[in-house]
Each structure stands twice: as structure tokens, then as C-alpha cells.
> 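Here it is, the structure, as C-alpha cells.
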There are 2 protein chains.
Amino acid sequence: MLRSTRQGSQDNRAALASKPIKTGPRVYAEIRRMAMDYRFKPNERINEVELAARLNVSRSPIREALQRLVTEGLITFQTNRGFFCRGFDVEEVVNLSDVRIVLEERSVRLAIQRATDEDLAALVDWWAKTMARADAFSSAELTARDEEFHIRIARLSGNSELARMLEGINTRIHFVRKIEVEKHRRLSTTYTEHADIARAMVARDADRAARLMHDHISISVADAMSTVREGLARIYVDADQI
Amino acid sequence: MLRSTRQGSQDNRAALASKPIKTGPRVYAEIRRMAMDYRFKPNERINEVELAARLNVSRSPIREALQRLVTEGLITFQTNRGFFCRGFDVEEVVNLSDVRIVLEERSVRLAIQRATDEDLAALVDWWAKTMARADAFSSAELTARDEEFHIRIARLSGNSELARMLEGINTRIHFVRKIEVEKHRRLSTTYTEHADIARAMVARDADRAARLMHDHISISVADAMSTVREGLARIYVDADQI
DNA sequence: CCGTTTTCTATTGTCGACAATTGCGATTGG
DNA sequence: CCAATCGCAATTGTCGACAATAGAAAACGG
């Protein structure tokens with residue numbers, strides 16, 4: 001009776017719809033999303049056993065996922081003390097933004113150099129369609145489109161490392177971005193800015209596109225501060241009623 | 001006699017000089033270095049049990065370290081198939097180089113904006129001293145100094161995220177960099193280029209410093225190809241006699 | 001002799017167990 | 001009443017065991 005071993009987990013899997021996703025990837029994806037949305041409070045210690053229990057798995061996949069998230073910058077780690085949620089402060093947002101600007105500028109420039117006319121036309125079309133339906137989208141969906149616009153350009157750059165790094169930054173600033181989207185829901189400058197960038201790309205006007213991109217992404221420190229403040233409010237208020 | 005449990009590892013630790021470094025970090029550092037130096041052959045499958053045996057630990061710390069290295073871009077992973085060494089090709093080197101250029105340019109510019117006169121003077125001094133002793137250094141040491149020069153600037157930028165990303169790129173291009181250092185051992189343009197950059201920084205000439213940095217880092221695709229070729233030779237020849 | 005299916009083996013994925021460590025709270029001495 | 005010390009409870013670090021999977025080898029049929 002000592003060797004019933006992994007009986008429990010078998011049941012869990014079965015209950016979870018036979019075997020939709022493998023445990024490892026699933027756990028990774030779930031924790032990742034939690035971290036992106038600050039479902040862990042900033043600097044909060046993450047209890048492995050508790051998390052394992054919540055996701056119905058053992059600590060092994062949990063720890064492996066957490067380790068991965070550490071290098072992604074979503075989680076912090078101290079030996080013998082465990083994993084912590086990353087902090088949430090203005091400096092980090094500003095720093096990431098600053099890096100993002102130069103990478104996105106490079107991204108458009110390369111895309112203009114290397115993408116085909118069809119690719120760029122498709123980008124313009126896609127964004128036009130998205131804009132047309134903008135009102136029907138939730139804020140979360142809208143944020144996703146915003147992110148996708150930039151990622152598409154990054155992919156068109158033909159530099160997979162560049163795209164990879166921008167994706168990394170995206171996941172880290174996802175939370176602030178979502179707040180910004182909601183803030184500016186009414187005055188939807190974002191949509192027209194995207195359209196302008198895309199058009200400049202079609203026209204192969206690298207300098208203009210890069211400048212537009214720069215201005216589009218730039219945020220004042222004051223903006224960042226207000227967004228972070230708003231974010232903190234959500235983390236410590238809304239989170240409780242999830 | 002079933003519960004001798006972790007006897008074995010106890011012995012290992014004891015044999016390894018009581019307890020110099022904790023297992024986890026040690027394993028991570030060792031595997032990381034192996035990956036940096038292509039002690040695993042490109043795209044080679046990494047056998048967890050074998051590696052665990054070699055480092056005298058169980059698979060848990062191995063897997064955790066590998067997971068971390070996956071997001072660092074030093075290791076590849078496929079579910080149910082395991083971990084693989086990253087490839088080694090020209091495209092990746094060129095892509096990383098391209099990203100590196102824009103980040104390093106931003107880095108100098110920010111450093112010029114934010115570093116104190118003392119900081120910059122210290123940078124110049126340190127590099128002068130290093131240059132003076134250059135002949136006494138091994139190629140490995142020389143490579144380390146090269147890397148350190150750039151990292152110092154990144155830190156002076158005051159943007160920790162920028163520094164972090166540049167460090168990430170450094171570990172990924174470490175191998176090619178080492179080869180480049182050895183190639184150009186004689187015609188040591190690198191040293192004077194560094195000195196020039198540092199001087200431009202002291203003079204707070206951002207445009208010049210950025211341009212120098214750009215030219216310093218830029219490599220032609222032809223150079224990259226030759227370096228990669230040389231690298232492949234080493235990986236598949238020298239590696240056997242380690 | 002070649003292509004398909006089956007069996008077998010090597011390797012990964014996940015688990016529960018236990019030791020080591022940390023941090024907190026109680027206890028004691030000033 | 002506060003500071004330092006001690007011990008205990010909670011938590012992390014690492015391990016070996018076993019199931020699931022994939023890939024190779026063997027058996028089979030054409």
C-alpha cells in the first residue's frame with residue numbers, strides 16, 4: 001500500500017479532460033500568465049507547494065517552470081529562500097521602454113529593407129480590418145492586437161533574435177500596456193499611429209517609419225508613473241476578487 | 001536498507017571539499033559554461049542521466065539548470081524529446097550582432113548622459129592598464145577583458161535591463177568572440193578602438209562614441225562566415241581531446 | 001529485397017520522500 | 001521592556017522510483 005504512487009495524478013489528468021495538454025507546458029503557460037498579470041503580488045514570495053496544489057501537480061514541473069520564468073525576468077529567485085514575483089516599479093517600466101524603442105526602430109528599418117511588398121500590404125490590410133472592428137473588442141483583445149502589430153513587424157525584420165527579444169519585453173510590459181490601452185480607449189490615437197507606421201513602411205520611408213515608431217512607443221516618465229500607480233491599485237484591489 | 005537514501009550524494013559533497021558551492025548554482029554554472037564553449041556539439045542531444053552522472057548529482061538540478069539555459073538561448077528543448085545544444089550558424093551570429101549594435105550604441109549614449117566624470121575617467125584608466133599588460137594575457141583572459149569593457153559601459157548606462165540583455169548576448173556570442181580575439185591577436189586594433197571609445201565618452205561626444213562603437217562591433221557577413229567555419233573546426237576537432 | 005508493423009529499449013516526465021535550511025515565535029537574561 | 005538565543009514549524013533542495021513516451025531494432029508480409 002505504499003506503492004500506489006502516482007495514482008492521484010492519474011486521476012487529476014483524467015479529470016482534466018483525458019490529456020489535453022502535457023503537464024509541463026501547461027503548468028509553464030499558466031504560471032507565466034499569472035506572472036504577466038500580476039496575479040502574484042509584487043515581491044511576494046511564491047509558495048511552491050501551494051502553487052503545486054492549486055495546479056494539481058507535483059513541485060517538479062512547478063520549479064522547472066519557475067526557473068524558466070526567472071530568466072525571462074518575470075520571476076525572481078534567491079537560493080534557499082525561493083521564488084518571488086518580480087517587483088512593479090516605474091524604473092523597470094522606463095528601462096524596458098527605453099530598450100524597446102531602439103529595438104523597435106531597428107525592427108521597422110529592417111522590415112522595410114527586407115519585407116516584400118505583399119507582406120507590407122498585408123500588414124496594412126490587417127490593421128485596417130482590426131481598426132474597423134475596434135469597438136467590438138474587449139480591452140484584452142485590443143491589447144493583444146496592439147502586441148501583434150509590433151510582433152508582426154519584428155518578424156518581417158527577418159531577424160529572429162530581434163523578434164525574440166521584443167517578445168520577451170512584450171510579456172514583461174504586458175500589464176502596463178493593458179492599462180494604457182484602457183486609459184486611452186476613447187482617444188484612440190494608437191490605431192491611427194499604427195496605420196501611419198504601416199503606410200510609411202509601404203512607402204519604404206525608413207526614417208519616417210522609425211521616427212513614427214519612436215514617438216509611438218515613447219512615454220514620459222510622468223505617464224509611466226501614473227500608469228504604475230493605476231496598476232498598483234488594480235493589483236491590490238481587483239486581485240482579491242478574482 | 002531501503003532507506004540509505006541520499007547517502008551517495010552526501011559522500012559526493014564531502015569529497016568535493018566539504019561544501020564549497022551549493023549544488024544547484026554550481027550545476028547551473030558548470031552547464032552554462034559547457035554550453036558557452038560548445039562542449040556539447042551543435043544540435044547534439046543532451047542526455048540528462050549521463051550529465052547527472054558526470055556532475056555527481058541527480059537529474060533534478062540538471063533539468064532545472066537546463067530549463068533556465070533554454071530561455072537564455074544556450075539550449076534548445078523539445079517536449080518528450082529532451083534538451084539539445086543550440087545550433088552554431090552564421091545567421092544566428094549575424095542576427096545577434098545586429099541586435100548588439102543598437103543596444104551598445106544606446107548604451108554608450110546613455111552612459112555619456114548619466115555617468116560621472118570619475119566613472120568615465122576610471123574606465124579610461126582601467127583600459128589603459130589593461131592594454132599595458134595585454135601581452136601577458138591569455139586569449140581567454142583577453143576575451144574576458146573585452147567583454148568586461150562593454151559590460152562596464154552598459155552598467156554606466158544606468159539601465160539595468162539594457163545591461164542584462166547585453167550580458168545575455170555576450171554569453172551567446174562568447175565562443176565566436178574568443179575566436180575573433182585569437183584571430184586578431186597580432187593586429188590589436190581592438191585595444192585602440194576601446195581606448196578611442198572611452199576617450200570620446202570622456203569628451204561627452206555622444207555621436208562620435210556611438211559611431212565608434214558601431215564600427216567597432218560591426219562585422220561583415222564574410223567575417224562571420226570565416227569565424228563560424230573556424231569555430232566548427234574547433235568544436236569537432238579540439239573538443240575530442242579535452 | 002523493401003516497406004510496414006510490432007516489440008523492445010533507452011530516455012524523459014512526474015511523483016512522493018526526506019534532509020537541509022530559513023525564519024518566526026517563544027523563552028530567557030539583562 | 002528589550003535584546004539575544006534557542007528551538008520549532010514551514011519551506012526549499014535533492015534524491016531515487018516508476019510511468020509514459022519516442023526511437024531503434026526486430027519481425028513480418030508482400
Side-chain angles (χ1 to χ4, degrees), chain A residues 1-16 18-31 40 43-70 75-85, chain B residues 1-16 18-31 40 43-70 75-85:
Chain A
M1 73 315 200
L2 218 166
R3 277 284 75 89
S4 63
T5 308
R6 87 195 301 251
Q7 203 68 351
S9 84
Q10 292 265 34
D11 294 352
N12 291 334
R13 283 200 186 173
L16 225 22
S18 68
K19 202 177 60 181
I21 319 178
K22 295 291 203 308
T23 307
R26 189 198 100 217
V27 166
Y28 168 73
E30 293 203 40
I31 300 182
F40 307 110
N43 301 311
E44 176 191 19
R45 183 182 196 148
I46 297 173
N47 189 320
E48 296 173 14
V49 293
E50 187 188 328
L51 192 53
R54 182 138 41 114
L55 301 185
N56 283 109
V57 294
S58 81
R59 279 170 55 220
S60 312
I62 298 280
R63 282 181 63 97
E64 290 186 9
L66 286 171
Q67 292 281 14
R68 248 178 101 172
L69 294 169
V70 166
I75 295 283
T76 277
F77 175 74
Q78 287 172 256
T79 314
N80 280 330
R81 291 192 14 85
F83 297 92
F84 298 80
C85 179
Chain B
M1 73 313 201
L2 217 167
R3 277 284 75 90
S4 63
T5 310
R6 86 196 301 248
Q7 202 67 351
S9 84
Q10 292 266 35
D11 294 353
N12 290 334
R13 281 201 188 172
L16 224 22
S18 68
K19 201 177 61 181
I21 318 179
K22 294 289 205 305
T23 308
R26 188 198 99 216
V27 166
Y28 168 73
E30 294 204 39
I31 300 182
F40 308 110
N43 301 312
E44 176 191 19
R45 182 183 198 147
I46 298 172
N47 189 320
E48 297 173 15
V49 293
E50 188 187 327
L51 192 53
R54 181 138 41 113
L55 301 186
N56 283 108
V57 293
S58 81
R59 280 171 53 222
S60 312
I62 298 280
R63 281 180 64 96
E64 290 186 8
L66 287 170
Q67 291 282 13
R68 247 177 103 172
L69 293 169
V70 166
I75 295 284
T76 276
F77 175 74
Q78 288 172 256
T79 315
N80 281 330
R81 291 191 15 84
F83 297 91
F84 299 79
C85 179

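Here is the naming used below: chain letters follow the sequence lines, and residue numbers restart at 1 for every chain. From a predicted model like this one, the values you see are computed outputs, not experimental measurements.
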> Classify the nucleic acid contact of B:Ile62 as base, sugar-phosphate or nothing, counting any heavy atom under 4.0 Å across all strands shown.
nothing

> Are A:Val70 and A:Leu66 close enough that some pair of their side-chain heavy atoms sits under 4.5 Å apart?
no

> Looking at the side chain of B:Arg63, which of C:dC15, C:dT12, D:dG13 is the nearest nucleotide?
C:dT12

> List in chain and number order the residues that pass side chain to side chain contact (heavy atoms under 4.5 Å, CB included) with B:Asn80, two or more places apart in sequence or in another chain; answer none if no residue qualifies.
A:Lys22

> Going by salt bridge (charged side-chain N to carboxylate O under 4.0 Å, His left out), name the pairs with one or both residues in residues 75-85 of chain A, residues two or more places apart or in two chains.
none

> Please confirm whether the shortest side-chain N or O distance from A:Ser60 to OP1 or OP2 of C:dT14 is below 4.0 Å.
no

> Please check this pair: side chain of A:Arg45 against backbone of A:Cys85, looking for a donor-acceptor N/O pair closer than 3.5 Å.
no

> Among C:dT14, D:dT14, C:dT12, which is the nearest nucleotide to the side chain of A:Pro61?
C:dT14

> Provide a list of protein-nucleic acid N or O atom pairs under 3.5 angstrom, restricted to nucleotides 5-10 of chain D.
none

> Has A:Arg59 got a side-chain N or O lying under 4.0 Å from the OP1 or OP2 atom of C:dT14?
no

> Output the rounded distance in Å from CG (B:Leu55) to P (D:dT14).
13 Å

> Given C:dT14, is OP1 or OP2 found less than 4.0 Å from the side-chain N or O atoms of A:Ser58?
no

> On DNA chain D, does the nearest nucleotide to B:Glu64 precede the nearest nucleotide to B:Arg45 from the 5' side, or the other way round? Give the residue.
B:Glu64

> Please state how far atom CD in B:Gln67 lies from atom P in C:dT12, giving the value in whole angstrom units.
12 Å

> Let me confirm one number: the CD1-CZ distance from B:Ile31 to B:Arg68, rounded to the nearest 0.5 Å.
11.5 Å

> Any side-chain heavy atom of B:Phe84 within less than 4.5 Å of one from B:Ile75?
no

> With sequence neighbours left out, what residues match A:Ser58 under side chain to side chain contact (heavy atoms under 4.5 Å, CB included)?
A:Ser60, A:Pro61

> Between residues 75-84 of chain B and DNA chain D, which residues have a heavy-atom gap below 4.0 Å?
B:Asn80, B:Arg81

> Apply side chain to side chain donor-acceptor pair (under 3.5 Å) to A:Glu64 and list each qualifying residue two or more places apart in sequence or on a separate chain.
B:Arg63, B:Gln67

> Taking the side chain of A:Lys22 as its heavy atoms from C-beta onward, which of D:dT14, D:dT21, C:dT11 lies nearest to it?
D:dT21

> Counting C-beta onward and ignoring hydrogens, is there a side-chain heavy-atom pair between A:Leu51 and A:Arg59 closer than 4.5 Å?
no

> Please classify the nucleic acid contact of A:Leu66 as base, sugar-phosphate, or nothing, using heavy-atom distances under 4.0 Å.
nothing

